[in-house]
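Notes to accompany the following structure.
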2 protein chains.
Amino acid sequence: MLIRLDPASATPLFDQLAGSIRASIISGRVAAGERLPAARDLATSLDVNVHTILRAYQELRDEGLIELRRGRGAIVASAPRDFGDLTAAIDSVVAEARASGVPPAALAALIREAYQ
Amino acid sequence: MLIRLDPASATPLFDQLAGSIRASIISGRVAAGERLPAARDLATSLDVNVHTILRAYQELRDEGLIELRRGRGAIVASAPRDFGDLTAAIDSVVAEARASGVPPAALAALIREAYQ
DNA sequence: ACCTATTTGTCCGTATGTATG
DNA sequence: CCATACATACGGACAAATAGG
């Protein structure tokens, strides 16, 4: 897995990491079931702190892209999902929210509530 | 704000914290617009690390319960109003997301992206 | 316009716990 | 029992946004 980090960038390292890995997963460059490098190994090879890697991994876990298990590592979740018409529904929600001047944070709160 | 932590508990400190504060917000014991203690202050008074507090705060922010801003602190978000049409659109998005097994965090990420 | 204090954000380092294999 | 690898928590440092004088 080819990952390049720019320490000078305004976007945080852990975000660059998550973005890079996320792209690899979605594009299928890393297959489902495959294991990502151990956090400490990746940290060493990229010369960043373990926490930075773990934070990126945990973000991807929250998005459902990977599974994290102690002793096993980070495994790419099965079925890189095709979000299909979900994106269309999202677009309409966002458009509507924009029109009513609902800020992103409020929208997120509303959606979270609806989810429960 | 009365917060009690049990270091011996199986549930992590940051989760106990988030849970306690979440309950206070939802029950209305802390009003919207009110400011939570500065992370460092709370850390000192509870005798835990600042990171532990910040992690709890960030969890609550992800849930839309508070807003975090540098230099300002953690402010309890205003209760989500009823946004009319928007709620219908939200319901359909959430329904689709559920059907496709898209977890809340992933949905939030997609929406954030769409918003930009 | 400037400076200072406040407060969160990120990152580094270290230690210990705990589930997995 | 032992090695692996994530999970949590502690500590410290500096950056960046905010607010107030």
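We name chains A, B, ... by the order of the sequence lines, and we start the count at 1 in each one.
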Please tabulate, one pair per line, each protein N/O and nucleotide N/O from nucleotides 19-21 of chain C that are separated by under 3.5 Å, including the distance.
{"unit_1": "dT20(C)", "atom_1": "OP1", "unit_2": "Arg69(A)", "atom_2": "NH2", "d": "3.2"}
{"unit_1": "dT20(C)", "atom_1": "O4'", "unit_2": "Arg70(A)", "atom_2": "O", "d": "2.8"}

**Message:** Please tell me if Arg61(B) has a side-chain N or O lying less than 4.0 Å from either OP1 or OP2 of dG9(C).
**Reply:** yes
**Prompt:** Is the distance from OP1 or OP2 of dA7(D) to the nearest side-chain N or O of Gln58(A) less than 4.0 Å?
**Reply:** yes
Donor-acceptor under 3.5 Å ([X] side chain, [Y] main chain):
X: Glu34(B); Y: Ala31(B); result: yes
X: Ser20(A); Y: Leu17(A); result: no
X: Ser27(B); Y: Ala23(B); result: yes

May I have the distance from [X] (atom [atom1]) to [N] (atom [atom2]), rounded to whole angstrom?
X: Ile53(B); N: dG11(D); atom1: CD1; atom2: P; value: 12 Å
X: Ile75(B); N: dA19(D); atom1: CD1; atom2: C1'; value: 11 Å
X: Leu68(B); N: dA16(D); atom1: CG; atom2: P; value: 19 Å
X: Asp15(A); N: dG9(C); atom1: CG; atom2: P; value: 13 Å
X: Leu54(A); N: dG13(C); atom1: CG; atom2: P; value: 14 Å
X: Leu13(A); N: dA16(D); atom1: CG; atom2: P; value: 13 Å

**Request:** Determine, stepwise, if the pair Leu65(A) / Val76(A) fulfils side-chain contact (heavy atoms from CB on, under 4.5 Å).
**Result:** CA-CA 6 Å; Leu65(A) 288 178; Val76(A) 177; over 6 Å; no
**Message:** Please give me every residue in residues 34-52 of chain A whose heavy atoms get under 4.0 Å of an atom in DNA chain D, ordered by residue number.
**Reply:** Arg35(A), Ala38(A), Ala39(A), Arg40(A), His51(A)
**Message:** So which atom in Ala114(A) and which in Arg98(B) form the shortest heavy-atom distance, rounded to 0.1 Å?
**Reply:** O-NH2, 3.8 Å
**Prompt:** Nearest heavy-atom pair of Ile90(A) and Val93(B): which atoms, and what distance?
**Reply:**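 Reported closest heavy-atom pair: N-CG2, 3.9 Å.
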**Prompt:** By side chain to side chain contact (heavy atoms under 4.5 Å, CB included), which residues pair with Thr11(A), not counting sequence neighbours?
**Reply:**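 Testing Thr11(A) for side chain to side chain contact (heavy atoms under 4.5 Å, CB included), a comparison that skips the adjacent residues, returns Ser9(A), Gln16(A).
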**Asked** Is Ile53(A) close to Leu46(A) at the side-chain level, that is, under 4.5 Å between some pair of heavy atoms?
**Response** yes
**Message:** Is it the case that atom CG in Asp47(A) sees more than 12 heavy atoms from other parts of the structure closer than 6.0 Å?
**Reply:** no
**Message:** Can you identify which nucleotide, out of dT10(C), dG9(C), dC6(D), has its nearest atom closest to the Phe14(A) side chain?
**Reply:**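 Among the listed nucleotides, the one closest to the side chain of Phe14(A) is dT10(C).
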